[in-house]
*Asks:* 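There's a structure below that I have some questions on.
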Amino acid sequence: MICLGIESTAHTFGIGIVKDKIVLANVNHSYTTKSGGMIPFNAAEHHIDVCDKLIKDALEKANVKLQDIDLISFSQGPGIGHTLRIGAMVARILSLKLKKPIIGVNHCIAHLEIGKLLTDAKDPVLLYASGANTQIIAFEGGKYRIFGETLDIGTGNFLDAFARYIGLGFPGGPKLDKLSKDGKNFIELPYVVKGMDVSFGGLLTNLKQKYDSKKYSDADLAYSLQETAFAMLLEVSERAMYHCDKKELLLGGGVACNTRLQEMAKIMCRENNSKCFILENQFNVDNAAMIAWLGLKEYNDGKRQKIEDTEIKPYWRTDEF
Ligand code: AMP
Ligand code: MG
């Protein structure tokens, strides 16, 4: 069975094609800005502009024809309303035109399930750290649950906001990753873990103040920021693993591309006799292969959806599933 999946929760529009358990294509194009952040209306326009070409590219890459597609899936939420609407609309058009079933899936759960498909992880705790989202997710007691999450901004938005403040441009995560390697002195920063949740707002303000004071080098700030923020994420991930009695950690989301986060996660897992699973970057960032895969999985598990039930769910929570 072949599923075509559509991703459009935020700045990335993607088309993925999965046949049974094989990813045949995973193509995408992201909306970027020269300065400033993302304007939802413009991101949606971007998605409209690129969708035709991406569908063609994905079919070509997968070496299948549109008529060969058996199922259409799309990110139904959570995400930005403007951009989600484009993916949902494309999915409905394809489903009606091809007379094939349609399934809307939860984007956060797709990050967990693609990890299980592409690694040896059987039942991991997912540390999902992306631009807008930061959640510790696991399947436990018969449903997907959130064991910890950010109380304010996502880790990626936090990194991008500080990077933009110090003039590194967008997206800043990869730039801070590189800059942090030149850091030598650890600067004490607010470490904000509240129960099982984290918060980045105060840390961001503190970093901006330290930057403005001109007493610290950019590299030392980048280095200390990463050590602090990632230790916060891994502290709650580790506790979630103990709580669920799970011995596997999976990293997901764009921030999972960070080399220092990967290194720290591996150290934590080694110290706990657990396994750490890290995906290729193309499956860490927002991608449509994971949407196609989750659509296929849910279809095979018996899920069916009417076209009138495909309205977008911008605030869909992982644990509402
Ligand atoms: P996503 O929303 O999952 O597509 O991820 C996008 C986020 O990942 C942006 O905030 C990026 O700054 C961040 N990101 C990408 N690569 C890295 C990296 N190497 N280190 C830290 N953050 C990264
Ligand atoms: Mg994501």
Side-chain angles (χ1 to χ4, degrees), residues 5-14 16 26 28-33 36-38 40 43 46-47 74-80 83-84 87 105-115 126-137 146 149-150 152-166 168-181 183 200 204 222-223 225-230 232-234 250-265 278-291 293-294 314 316-318:
I6 302 166
E7 162 58 28
S8 74
T9 53
H11 58 307
T12 299
F13 190 88
N26 183 37
N28 64 60
H29 195 273
S30 294
Y31 161 85
T32 53
T33 61
M38 162 165 57
H46 162 270
H47 293 358
F74 69 102
S75 269
Q76 199 169 357
I80 300 166
T83 59
L84 279 172
V105 304
N106 181 293
H107 174 96
C108 307
I109 292 171
H111 274 289
L112 177 64
E113 292 299 335
I114 193 73
L126 169 70
L127 166 54
Y128 170 38
S130 69
N133 298 300
T134 295
Q135 297 180 346
I136 320 295
I137 304 169
I146 300 171
E149 63 191 309
T150 178
D152 43 36
I153 50 176
T155 315
N157 284 359
F158 156 70
L159 296 172
D160 294 340
F162 183 64
R164 202 153 58 220
Y165 195 75
I166 68 171
L168 294 180
F170 173 85
K175 290 174 181 151
L176 288 174
D177 191 356
K178 199 153 166 262
L179 180 63
S180 70
K181 309 247 183 271
F200 294 109
L204 178 60
Y223 159 67
L225 164 164
Q226 289 200 167
E227 295 302 305
T228 306
F230 299 161
M232 286 159 45
L233 294 176
L234 289 168
L250 173 70
L251 300 187
V255 181
C257 302
N258 187 284
T259 52
R260 180 59 182 151
L261 177 62
Q262 294 180 357
E263 191 176 29
M264 288 168 71
I278 293 167
L279 293 162
E280 268 178 56
N281 283 351
Q282 63 163 324
F283 300 111
N284 279 329
V285 296
D286 284 349
N287 67 90
M290 68 180 191
I291 304 303
W293 164 240
L294 185 54
W316 195 5
R317 277 183 65 82
T318 310

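Keep in mind the model is a prediction, meaning the values are calculated, not measured. Start at 1 and go down the list; that is how both ligands and their atoms are numbered. All residue numbers in this chain count up from 1 along the given sequence.
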*Asks:* Identify, by atom number and element, the atoms of ligand 1 in contact range of G156, meaning under 4.0 Å from any of its heavy atoms.
*Replies:* 10 (O)
*Asks:* At less than 4.0 angstrom from any non-hydrogen atom of L159, what atoms of ligand 1 do you find?
*Replies:* 21 (C), 22 (N)
*Asks:* Go through ligand 1 atom by atom and flag the ones less than 4.0 Å from a non-hydrogen atom of G173.
*Replies:* 12 (O), 17 (C), 18 (C), 20 (N), 21 (C), 22 (N), 23 (C)
*Asks:* Number the atoms of ligand 1 from 1 as they appear, then name those within less than 4.0 Å of a heavy atom of G253, with their elements.
*Replies:* 3 (O)
*Asks:* Counting only nitrogen or oxygen atoms and a 3.5 angstrom limit, does D177 reach ligand 1?
*Replies:* yes
*Asks:* Take every heavy atom of V255, measure it against each atom of ligand 1, and state whether any distance is under 4.0 Å.
*Replies:* yes
*Asks:* Which atom names give the shortest non-hydrogen contact between L251 and L126, and what distance separates them?
*Replies:* C-CD1, 3.9 Å
*Asks:* Do T12 and S30 get their side chains close enough for a donor-acceptor pair, meaning under 3.5 Å?
*Replies:* yes
*Asks:* Geometry only, no angles: is H111 polar-contacting ligand 1 at N/O separations under 3.5 Å?
*Replies:* no
*Asks:* Report the residues that fulfil side-chain contact (heavy atoms from CB on, under 4.5 Å) with S130, sequence neighbours left out, ordered by chain and then residue number.
*Replies:* Y128, N133
*Asks:* Are any of the heavy atoms in A10 under 4.0 Å away from ligand 1?
*Replies:* no
*Asks:* Apply side chain to side chain contact (heavy atoms under 4.5 Å, CB included) to residues M264 and Q226 and explain how you reach the verdict.
*Replies:* CA-CA 10 Å; M264 288 168 71; Q226 289 200 167; over 6 Å; no
*Asks:* Classify the contact between T12 and ligand 1 as side chain, backbone, both or neither, using a heavy-atom distance cut-off of under 4.0 Å.
*Replies:* neither
*Asks:* How many N, O or S atoms of the protein are nearer than 2.8 Å to the Mg ion (ligand 2)?
*Replies:* 4
*Asks:* Any chance NZ of K178 has more than 12 other-residue heavy atoms, nucleotides or ligands included, within less than 6.0 Å?
*Replies:* no
*Asks:* Which atom pair, heavy atoms only, marks the closest approach of D286 to A10?
*Replies:* OD2-CB, 4.5 Å
*Asks:* Of the protein's non-hydrogen atoms, which lies at the shortest distance from atom 7 (C) of ligand 1, and what is that distance?
*Replies:* G131 N, 3.8 Å
*Asks:* What are the two closest non-hydrogen atoms of H11 and H47, and how far apart are they?
*Replies:* O-CE1, 3.4 Å
*Asks:* Looking at atom 11 (C) of ligand 1, what's its closest protein heavy atom, distance included?
*Replies:* D160 OD1, 3.8 Å
*Asks:* I'd like to check whether T259 has a polar contact with ligand 1, where a contact means an N/O of the residue lying under 3.5 Å from an N/O of the ligand.
*Replies:* no
*Asks:* Are N284 and H111 linked by a side-chain donor-acceptor pair shorter than 3.5 Å?
*Replies:* no
*Asks:* Would you say A132 and ligand 1 have an N/O pair spaced under 3.5 Å apart?
*Replies:* no
*Asks:* Side chain, backbone, both or neither: which part of D286 comes within less than 4.0 Å of ligand 1 when only heavy atoms are counted?
*Replies:* both
*Asks:* Grab the two heavy atoms, one from C257 and one from V285, that are nearest each other, plus how far apart they are.
*Replies:* SG-CG1, 4.0 Å
*Asks:* Rounded at 0.5 Å granularity, tell me how far CG in L225 sits from CZ in F162.
*Replies:* 6.5 Å
*Asks:* Test your reading of the structure: does G254 have an N or O sitting under 3.5 Å from an N or O of ligand 1?
*Replies:* yes
*Asks:* Does a donor on one side chain and an acceptor on the other come within less than 3.5 Å for T9 and E7?
*Replies:* yes
*Asks:* What is the distance from atom NZ of K175 to atom CG of L168, rounded to the nearest 0.5 Å?
*Replies:* 7.0 Å
*Asks:* Can you tell me if H29 and H46 form a side-chain donor-acceptor pair at under 3.5 Å?
*Replies:* yes
